[in-house]
Amino acid sequence: MEDSAAVAGRLWDEWLPVSVRRLIADPLPGGLVAARRLVVWLAGVHDIGKATPAFACQVEQLAQVMRGHGLEMRSREAMGADRRLAPHGLAGQVLLGEWLQERHGWTVKQTGQFTVAVGGHHGVPPEHGQIQALDRHPDLLGAHGPARAVWQRVQGELLDACAAEFGVGEDLADWKTVKLSQPVQVLLSALVIVCDWIASNRDLFPYFPEDVPRTGAERIAAAWAGLDLPGPWRAEEPAGDVHELFASRFDLPPGAKARPVQEAAVELAREMDEPGLMVIEAPMGEGKTEAALAAAEILAARSGAGGVFFALPTMATGNAMFPRLLHWLDRLPAPPGTRYSVLLAHSKAALNDDFVGLLGNGGQRIAAVDVDGHGSEQWRPSSRERVAGAELVAHAWLRGRKKAMLSSFVAGTVDQLLFAGLKSRHLALRHLAIDGKVVVIDEAHAYDTYMSVYLDRVLSWLGAYRVPVVVLSATLPAGRRRELAAAYAGKDAVRAAAGAFDAVGRAGDYPLLTAVTPGGAPLMRRPAASARGTQVAVERLDDDVDVLADRLERELAQGGCVLVVRNTVRRVLEAAAVLRQRFGDANVTVAHSCFVDVDRAAKDASLLNRFGPPGKADRPAGAHIVVASQVAEQSLDVDFDLLVTDLAPVDLLLQRTGRLHRHLRGGPEQTDRPEGLRQARCLITGVDWNASVPRPVAGSVAVYGAYALLRSAAALLEHLDGGPERPVGLPDDISALVQRAYTDTLDGPAGWTQALEDARTRHERHRADQAERAATFRLDAAARPGRPLFGWVAAGVGDADDTRQGRAQVRDSRESLEVVVVQRRADGSLATLPWLKPDRKGRVLAGLPLPTDQAPTALAARTAASCGLRLPIQFSFPDVMDLALDELEELYVEAWQTKDSYWLAGQLILPLDEHCQTRLAGFALRYSPSDGLEVTRA
C-alpha cells in the first residue's frame with residue numbers, strides 16, 4: 001500500500017498533465033492539494049480487499065498464522081466456488097464503503113463514486129449484481145461469529161492508519177458532500193491501475209532486496225529513477241507573428257508565409273476561452289496538418305494538455321504522419337533536459353524504421369509489470385534520440401496494448417481513439433491516455449456510419465473531459481459538421497446556434513473554421529483559400545479499358561503523368577494489364593492495398609520520389625501512368641497532369657482531384673507540363689453513362705453503395721454537361737458540391753427520381769443497421785455527477801486491442817485474414833521473399849533462411865514479419881475463411897511459437913512457390929512486387 005501511494009505522489013507531481021490534475025481537482029474543496037491527497041489515498045488503500053478470508057485463505061501456511069491471532073477463516077477448499085464472489089477489488093470497494101459509512105458518516109449513495117476506483121483497479125468496475133451477490137455472503141469479508149469482529153477491527157485499523165498516513169482525515173468530512181463526475185471517477189480508477197502496476201513491478205520494488213535495507217523514501221526514489229518516465233509536455237503559448245511561428249516550426253522557405261487557413265486556425269485557437277472542438281475544412285494542399293499542430297500548441301498551453309494524439313484513417317497514413325510529428329517536435333522550444341515519450345500507434349509499428357530508430361536494445365534487462373501486475377513481459381530501458389529541443393523517448397514501460405497510448409505524443413490509426421468508446425477491459429486507461437492530450441482527427445470525412453457511432457460517443461466524453469479537439473477535412477457535409485459539434489458540445493448548444501450552422505455551406509463559406517465549447521456559442525471563420533486555384537474540366541469516359549487506352553495514347557503523345565484511380569483492386573489490375581500492352585511495363589505503375597507491407601511502403605516512397613513536389617521528386621521524362629486504388633486518394637503529396645477516376649462519392653472524388661495539378665510547374669500557366677495537359681482535366685469512368693440513369697459498375701456499388709454514387713453524379717451533372725465551359729473550381733466549388741450531394745433533399749433530374757428513391761431506401765436501411773450494430777458494445781454517455789461507474793463496461797467485449805479482431809469491433813468491415821508471405825524453395829525449405837532490398841544498414845534481407853526446426857535469426861524473423869499481407873475480400877466470407885484457415889494452419893512451425901521468435905509466433909504463414917504462386921481455399925494466388933496479389937478462381 002505504501003509503495004502504491006508513493007508512486008501516486010510521484011505520478012501526480014512529475015508525470016500527470018496539468019489538464020488532468022485540474023479536472024480531478026475541480027469538484028473538490030481544497031483544489032489541487034486535496035486532489036493529490038485523494039489520488040494518493042485511493043492508491044494506498046486499493047488492496048484493502050486482500051485483508052479478507054476470501055483472499056487470505058489462498059496460502060494455508062500464512063492463513064494458519066492469521067488464525068493464531070484470532071482471524072478465523074475456512075480453508076480455500078471449504079470456501080470453494082464462493083471465493084469468486086469476492087475478488088479483492090470488489091471486496092476492497094465494499095470494505096472501504098462500509099468504513100466511510102461507519103467511521104465518517106457517509107451515506108451508501110455517496111460512497112460508490114469514490115470506492116469504485118478501488119473496485120475497478122483490475123480493469124472492470126463492478127456491476128450491481130456482483131455487489132449484491134457479495135452482500136449475501138458477508139463471511140467472505142470476515143468470518144462468522146465472534147471472529148467477524150476481529151476481522152472488522154483489523155480492517156478498520158488498516159484504513160484508519162491509511163487515512164492518517166496520507167493526510168485525508170479532515171478531507172473525508174468535506175468529500176462526503178462532493179459529487180464526482182464520471183470522467184473524474186474514470187481518471188481516478190485509471191491512476192490507481194497505473195500505480196498498482198508500477199508498485200507491483202518486482203524489479204522496481206523487489207520483495208527481497210539483496211542490498212542494505214532502505215528507508216521508504218530511498219526505496220521509492222530508487223524505483224522512480226529505475227522507471228525513468230518522461231514528464232508531460234508543458235506547452236507555452238507562442239506569442240507574436242503567425243508567419244514567424246510557422247517559419248520556425250515547419251521550415252518554410254525564405255520569404256514564405258503561413259496560408260490564410262493556417263493564420264485563421266491560430267487566431268481562432270487564441271480566441272477560444274476554454275478547451276473546445278475546432279473543425280478545419282479547407283482544400284487539399286492548404287496545410288491543414290500544420291495548422292492543426294500550430295493550433296494544438298496554443299490549445300495545449302491554455303488547457304494544460306500534456307501531449308498530442310494525431311488520429312489517421314489507416315496504418316499507411318499513420319506511418320506518413322509519424323516523421324512529420326517528429327519533425328515538429330524537433331522544433332518545439334523546450335528547456336534543457338526535457339524528454340518526451342512518443343509512439344506510433346498501430347499493430348505494425350515495430351516494423352516502421354522511424355519508430356524502430358527510437359527503440360533501443362542495450363541496457364540492463366528489467367521485468368516490466370504485465371496487465372495484471374505480475375511482472376511477465378521483458379523490457380529494456382528506453383533508448384533516446386537527441387533532438388534540438390527535447391529528447392524523444394520510445395519508452396520501454398510505455399509499450400504494449402494497455403499502456404502505449406499513455407505516451408505523450410502519438411500518431412496512429414483512428415481505431416485507437418474509437419476504442420475509447422468501446423466497452424472493454426481497462427477502458428479507463430484509454431480515457432486517461434486521451435484526456436491528457438490535444439486530439440487531432442484527420443480525414444474526418446473518411447469514416448462511415450458505423451465508425452461515426454463510436455467517434456461521436458468518444459467526442460462526447462472528450463467534451464466532458466475538456467479535451468481540446470481539432471478535426472480536419474477537405475470535404476465535410478454540413479450535417480456531419482453539426483453532428484460532430486453536437487457530440488462534443490451537447491445537442492442543446494448546437495440547437496441554440498442552429499441559425500449559425502444552417503447559414504454555412506454555400507460556395508462562399510469555404511474554407512471554413514468552426515469552434516465550439518461545451519455550452520458555448522460557436523465561433524466561425526471564413527478565411528480565403530491560398531491565392532492559387534485550379535479549374536478542373538470534368539467529362540464522362542466510357543467504361544471500357546480499350547477506350548481508356550486509346551484516350552491516353554492521344555493525351556500522352558507529348559508525354560505527361562496520369563493517375564488512374566479504380567475503386568477495386570480487380571479493376572486496377574485489369575486496367576494495368578491493357579495499359580502495359582500499349583505503353584510498356586516500365587511506363588505503368590500499380591499501387592493498391594494488396595501488397596505486402598514492405599512493398600506497399602516502397603510503393604508510397606516511389607510515388608513521392610517520382611511525382612512529389614517540384615525540387616523534391618525526379619519526375620519521369622516521358623509518358624507514365626499510375627493505376628491505383630484508393631491508396632492514392634489521401635495523405636500522399638503527389639501531382640499528376642491528368643486524372644482518370646471511377647465515379648466515387650463526391651467528397652472522395654474531390655479528394656482525388658487534389659492529386660491533379662497539385663503544384664505549380666512552370667508558373668501559373670503550368671508551362672513545364674505537356675502543352676495538351678496544362679488545363680487540369682478529370683475523366684470520370686466506371687459508369688454506364690448511356691443508360692437512362694447512370695449505372696455504376698458493380699464493384700463500385702459494393703464499396704460505396706448506389707445512393708452515394710448517384711448523388712455524386714447528380715451533383716456533378718452541370719459540370720459534366722457543361723464540358724470545358726463549366727469546370728469545377730477548386731476550391732470554390734468544393735463546399736457547394738459536397739453540400740448538394742449530402743443534403744436531405746433529393747437532387748437530380750426528373751428521370752432519376754425513382755432510382756434515387758430506391759437507392760436511398762437501401763442506403764437508410766444500411767445506415768440504420770450499421771448504427772444498431774455499432775451500438776451493441778458502445779459505451780454509454782457520461783451519467784450525471786455523483787453516479788458511480790458501477791457496470792460501466794458491463795456486457796462489453798472483454799479486451800480490445802489493435803488486432804484484426806479488435807479493429808473489426810470499431811470498423812464495419814468483414815473480418816479479414818492477415819498472413820505473413822514467405823517463399824518455399826524447390827527443396828521445401830522456407831526463406832524470406834527473394835526481391836527484398838537491403839536495409840538501411842546494408843544488410844541483405846532477400847532469401848534469408850527460415851528454418852523450421854529452430855527459431856530463425858532475429859533479422860530473418862523480422863524481415864519475414866515485414867511481409868505481412870491482408871487477404872482481399874474473397875477470403876472474408878465465412879465458408880471461404882474457414883477453409884483458408886484450415887489450409888493455412890497446416891503450416892504450423894512449432895519452433896516459431898516461442899518468445900525467441902516473437903515476430904512470427906502466432907502468425908498465419910502463406911508460402912509461395914518459386915514462381916510466387918500458390919492455391920488457397922479454391923483460389924489461385926499469384927504475387928509480384930510490381931502488381932501485388934492477384935486472385936482468381938482456381
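Everything numeric in this text was worked out from a predicted model, so none of it was measured.
Partners of P834 under the side-chain contact (heavy atoms from CB on, under 4.5 Å) rule, at least two apart in sequence or in another chain, are Q823.
A salt bridge between D646 and R571 is present, with a side-chain N of the basic residue lying under 4.0 Å from a carboxylate O of the acidic one. Under a 4.0 Å N-O distance rule, the pair R659/E633 does not qualify as a salt bridge. The existence of a salt bridge linking E443 and K288 is excluded, since no basic side-chain nitrogen approaches an acidic carboxylate oxygen closer than 4.0 Å. Salt bridge R726/D721: absent, no basic N to carboxylate O contact under 4.0 Å. Note on D931 versus R580: salt bridge recorded, some NZ/NE/NH1/NH2 to OD/OE distance being below 4.0 Å.
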H624/F611 under ring pair (Phe, Tyr, Trp, His ring centres under 6.0 Å): CA gap, chis, key distance, verdict: CA-CA 10 Å; H624 199 97; F611 307 104; 5.7 Å; yes
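Under the 4.5 Å side-chain criterion, counting only non-hydrogen atoms from C-beta, E889 is in contact with L908. Using a 4.5 Å heavy-atom cutoff, the side chains of V822 and V820 are in contact. Between V536 and P727 the shortest side-chain heavy-atom distance does not fall below 4.5 Å.
Looking at Q630, its side chain does come within 3.5 Å of a backbone N or O of N567 through a donor-acceptor pair.
Residue pairs meeting the side chain to side chain donor-acceptor pair (under 3.5 Å) criterion with at least one partner in residues 908-919, sequence neighbours excluded, are absent.
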